[in-house]
Amino acid sequence: MNQMYMIIAVVIIWAVAFVVSITIQMMRKKVEAQLVEKNTTKAIVHFYGNVSKIDGQDAALYHPVKGQMLDTIVALEPGHHTFVGSFQITENGIVAKHKNYYATDINFAFDVEMGKRYQVGIYKENENDEKVILSLPLAVDGFSSRTLYLIATCE
């Protein structure tokens, strides 16, 4: 009988946690859609990391929101913008442990156009794609040094 109560308690806790996570995800999706809808004359930039400064000012002045993929999303006026950000990537290992690489306080800049969406993140490879508007090689030290790339793409 005690085991039955434990199983019921675990199921109830899981159900509540599931409902809370789905609700949070739906709220993020709604906030992201509202940001895009309100800013049709601006460019939407998704940072898959933390951006601390935009054009030399605190990024909080641009009212960033968290997106569905836990990305930071801001709406920017068209033109040239400078950024300072920190990014992380995890390399999954089969034989060895997972490796986390960090790139902090990276200075980068690119131009944005009205009505377009941009994604900025750190990647293991630099694929020569016509959508890439910025590719910045980063030497990352750690257990095994390697070159990662800060890549900005445009949809």
Side-chain angles (χ1 to χ4, degrees), residues 1-40 42-54 57-76 81 83-108 110 112 115-127 129 131-132 134-155:
M1 188 97 164
N2 272 343
Q3 289 179 343
M4 186 61 133
Y5 289 130
M6 287 178 71
I7 292 172
I8 290 172
V10 167
V11 168
I12 290 172
I13 291 170
W14 178 85
V16 169
F18 181 75
V19 168
V20 168
S21 68
I22 292 297
T23 304
I24 290 171
Q25 185 70 3
M26 288 173 35
M27 287 183 350
R28 285 187 182 137
K29 186 175 185 178
K30 182 179 177 183
V31 167
E32 185 176 336
Q34 287 174 344
L35 178 77
V36 171
E37 185 179 303
K38 277 197 296 186
N39 295 290
T40 56
K42 296 182 178 180
I44 306 299
V45 184
H46 298 254
F47 294 97
Y48 294 94
N50 295 320
V51 63
S52 58
K53 293 197 180 290
I54 301 174
Q57 300 177 336
D58 187 10
L61 296 174
Y62 291 87
H63 308 290
V65 298
K66 280 292 182 194
Q68 298 176 54
M69 305 299 286
L70 297 178
D71 50 330
T72 302
I73 306 169
V74 294
L76 298 174
H81 295 279
F83 308 94
V84 177
S86 299
F87 299 87
Q88 172 188 349
I89 188 171
T90 300
E91 185 175 60
N92 297 326
I94 295 173
V95 177
K97 290 184 176 182
H98 301 307
K99 297 175 192 165
N100 291 322
Y101 297 99
Y102 300 92
T104 58
D105 297 329
I106 304 167
N107 292 301
F108 58 99
F110 59 89
V112 297
K116 293 196 175 182
R117 285 184 179 228
Y118 298 85
Q119 290 83 27
V120 181
I122 192 168
Y123 300 93
K124 290 191 287 186
E125 297 175 4
N126 181 5
E127 298 178 8
D129 188 7
K131 295 180 182 179
V132 173
L134 169 77
S135 178
L136 181 65
L138 306 169
V140 179
D141 295 327
F143 178 69
S144 60
S145 296
R146 69 176 305 143
T147 300
L148 298 174
Y149 297 92
L150 179 69
I151 297 178
T153 59
C154 177
E155 287 183 358

> Strictly under 6.0 Å, is that where the ring centroids of Y123 and Y149 end up?
Replying inline: no
> For residues 6-35, which residue pairs qualify under salt bridge (charged side-chain N to carboxylate O under 4.0 Å, His left out), counting only residues two or more places apart or in two chains?
Replying inline: E32-R117
> For A59 and P64, which heavy atoms make the closest approach, and how far apart are they?
Replying inline: O-CD, 3.4 Å
>> I need the S86 OG to D105 CG distance, nearest 0.5 Å.
In response: 4.5 Å
> Any side-chain heavy atom of F108 sitting closer than 4.5 Å to one from V120?
Replying inline: yes
>> Nearest 0.5 angstrom please: I73 CD1 to I44 CD1, how far?
In response: 8.0 Å
> What heavy-atom pair brings H46 and D71 nearest, and what distance separates the two atoms?
Replying inline: ND1-OD2, 2.7 Å
> About how many Å separate OG1 of T153 and OH of Y118, when rounded to the nearest 0.5 Å?
Replying inline: 10.0 Å
> From I122 CD1 over to I89 CD1, what is the distance, rounded to the nearest 0.5 angstrom?
Replying inline: 6.0 Å
>> Tell me if the centroids of the rings in F47 and F87 come within less than 6.0 Å of each other.
In response: no
>> Going by side-chain contact (heavy atoms from CB on, under 4.5 Å), V51 matches just one of V45, V84, T72. Which one?
In response: T72
>> Nearest 0.5 angstrom please: H81 NE2 to F110 CZ, how far?
In response: 8.5 Å
>> Restricting to non-hydrogen atoms, name the atom on E37 and the atom on T40 that form the minimum distance, rounded to 0.1 Å.
In response: O-CG2, 3.5 Å
> Atom CG in L70, atom CD in Q25: separation rounded to 0.5 Å?
Replying inline: 7.5 Å
